[in-house]
There are 2 protein chains.
Amino acid sequence: MKIQPFKVYGQKRQVEPALDQKKIVQAALGLLDEDGFDGLTMRSLAKKLGIKAASLYWHVRGKEELLGLLAEEICAPMGVPDRTLPWQKQLEVLGNEYRRVLLAHRDAARILASSGAPSGPNRLRLTEMVLSILLDAGFSPQDAVYAGSLLNEYVTMFVSGETQYENTETKSDRKDSPSEAQNWIKALPPTDYPSVVALADHLMKSDADDRFRFGSEILRNGLETRLATRSGR
Amino acid sequence: MKIQPFKVYGQKRQVEPALDQKKIVQAALGLLDEDGFDGLTMRSLAKKLGIKAASLYWHVRGKEELLGLLAEEICAPMGVPDRTLPWQKQLEVLGNEYRRVLLAHRDAARILASSGAPSGPNRLRLTEMVLSILLDAGFSPQDAVYAGSLLNEYVTMFVSGETQYENTETKSDRKDSPSEAQNWIKALPPTDYPSVVALADHLMKSDADDRFRFGSEILRNGLETRLATRSGR
DNA sequence: ACCTGAACACCGTTCAAGT
DNA sequence: ACCTGAACACCGTTCAAGT
């Protein structure tokens with residue numbers, strides 16, 4: 001039943017290994033898209049590869065390293081903004097691009113959030129890009145670092161949130177029928193929570209793209225103000 | 001070895017149950033402080049309470065509900081800002097207060113991030129407060145909702161990040177000796193990552209309070225700009 | 001060098017059975 | 001009504017052993 005890999009007798013006489021880190025990461029990415037973050041386990045990954053879980057540990061140190069490699073792979077398709085644009089526009093483009101990349105794979109934002117500081121080339125390039133834009137814009141070194149992590153964390157947090165409950169999608173979701181949650185909010189005591197009750201409709205039907213743009217704009221405007229008040233003295 | 005609870009013979013003749021939801025949540029909070037988020041399991045919680053894990057399921061639906069109750073408990077000590085202050089100051093105070101409350105228990109931010117939308121009174125009060133401040137400031141319903149979740153998510157995300165690697169504290173941490181990570185960054189190819197390398201020192205020694213203030217200010221300034229440009233037409 | 005068998009020390013949850 | 005015994009279906013990781 002097992003198909004042997006094509007053996008090449010010549011310069012290299014060794015059989016090419018059935019497994020390598022690249023194949024593992026690729027399979028993990030596929031499994032992530034199929035079963036999500038919680039479905040991605042060392043054991044299920046091994047099963048998908050037709051091997052035993054223990055074999056994985058010859059190629060990766062553990063699950064943490066695997067998630068790091070996965071984070072790198074997810075960030076690979078990141079494009080770069082046109083550096084001749086004004087810095088605000090560059091940040092906007094970069095933010096949109098990062099979100100696009102995170103939305104390309106199921107639970108990708110959770111992978112990025114769970115893995116630590118960037119150590120691979122793809123994520124480092126992203127960090128370099130945002131810091132470079134901020135320094136060129138005129139931010140101080142300390143402010144550039146703070147702003148950079150703020151922008152990065154905003155996107156991962158946002159996408160994390162927007163995709164958190166998409167597997168728990170309510171099937172019977174008529175577009176305009178008030179959701180159960182909406183009715184729940186409206187049933188709250190208005191004396192205690194007047195604003196919450198008043199905003200019930202708006203709290204539920206928030207468009208993700210719209211909401212992302214909002215936060216994105218708030219951050220850029222805030223940074224603009226910061227730059228203006230600092231460089232002016 | 002077991003100490004029987006004091007029985008009252010009279011109106012109520014039943015023995016008071018050894019367990020109730022309140023005691024469970026209290027014990028869970030203690031366990032969280034001792035062993036952190038990953039150490040808080042249904043089994044270890046049961047052990048701490050001197051019972052079997054299965055018993056917990058009589059009092060709570062499952063772990064998800066327990067985390068929700070825990071989130072409520074964590075938010076209980078939230079104070080409210082002086083409503084006569086300008087809205088920017090009110091938001092600042094509220095943000096600081098929320099961060100303070102999250103830092104009061106180990107991994108509290110992770111609990112808040114993992115539990116879903118607020119459904120208990122304590123977290124609802126927080127939501128009501130921020131929405132009320134924003135509406136009073138003059139934001140549109142939609143903007144108030146967007147800004148509210150942005151502010152809330154900023155704090156939880158920030159505290160999540162600032163506490164993420166505090167259990168992995170490097171023991172041999174001389175204050176001014178360059179950290180291992182710092183040296184790692186400085187060893188990167190400056191041609192590929194000029195800004196990252198140049199900012200190595202600033203990337204490592206970021207003061208959490210300072211950084212929180214920075215992001216907090218950026219958000220408030222961004223909202224101010226938004227309010228100014230929208231109410232003017 | 002690379003992979004497996006088998007175990008270790010865990011998880012959350014269910015459910016018939018006990019009191 | 002409340003709690004337990006015992007199981008189910010999982011986890012990540014290690015390590016001696018195989019090839």
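The basis for the numbers below is simple: all heavy atoms, side chains too, and nothing from hydrogens, waters or symmetry mates. Here is the naming used below: chain letters follow the sequence lines, and residue numbers restart at 1 for every chain.
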Applying the 3.5 Å cut-off to both distances, the Watson-Crick or G-U partner of C:dA7 turns out to be D:dT13
Can you tell me how far P of C:dC3 sits from CG of A:L56, to the nearest Å?
10 Å
Could you tell me whether the phosphate oxygens of D:dC3, OP1 or OP2, come under 4.0 Å of any side-chain nitrogen or oxygen in B:W58?
no
Would one find a side-chain N or O of B:H59 under 4.0 angstrom from OP1 or OP2 of D:dA1?
no
Distance check needed: C:dC10 C1' versus B:L40 CG, whole Å only.
15 Å
State whether the side chain of A:N122 and the backbone N or O of A:E72 hold a donor-acceptor pair below 3.5 Å, judged by distance alone.
yes
Testing C:dT13, C:dC11, D:dC11 for proximity to the side chain of B:A53, the answer is C:dT13
Flag for B:R99-B:N96: side-chain donor and acceptor within less than 3.5 Å
no
If you look at every strand shown and take non-hydrogen atoms under 4.0 Å, does B:S55 touch a base, only sugar-phosphate, or nothing?
base
Between A:R43 and A:K52, whichever has its closest DNA chain C nucleotide further toward 5' is A:K52
C1' spacing across the pair D:dC2 / C:dA17, given as an integer number of angstrom:
13 Å
Starting at the 5' end of DNA chain C and moving along, which residue's nearest nucleotide shows up first, B:G39 or B:R61?
B:G39
Rounded to the nearest angstrom, tell me the gap between atom CG in B:D35 and atom P in C:dC10.
12 Å
Interatomic distance where CG belongs to B:D20 and C1' belongs to D:dC3 [whole Å]:
14 Å
Side chain of A:A54 (C-beta onward), nearest among D:dT14, D:dT13, C:dT14:
D:dT14
Could you check whether A:Y154 and A:F212 have their ring centres less than 6.0 Å apart?
yes
Can you confirm whether the side chains of A:S149 and B:R211 place a donor and an acceptor under 3.5 Å from each other?
yes
Can you find a side-chain donor-acceptor pair between A:R106 and A:T163 that sits under 3.5 Å?
no
Whole angstrom value for the distance that separates C1' of D:dA9 from NZ of A:K47:
11 Å
Find the distance A:D38:CG to C:dT13:P and express it as a whole number of Å.
12 Å
Atom pair distance, as rounded to whole Å: OH in A:Y57 and P in C:dC8:
17 Å
Using the C1' atom on both, measure D:dA9 against C:dC10 and round to a whole Å.
13 Å
Roughly how many Å is it from CE in B:M42 to C1' in C:dC11, rounded to a whole number?
11 Å
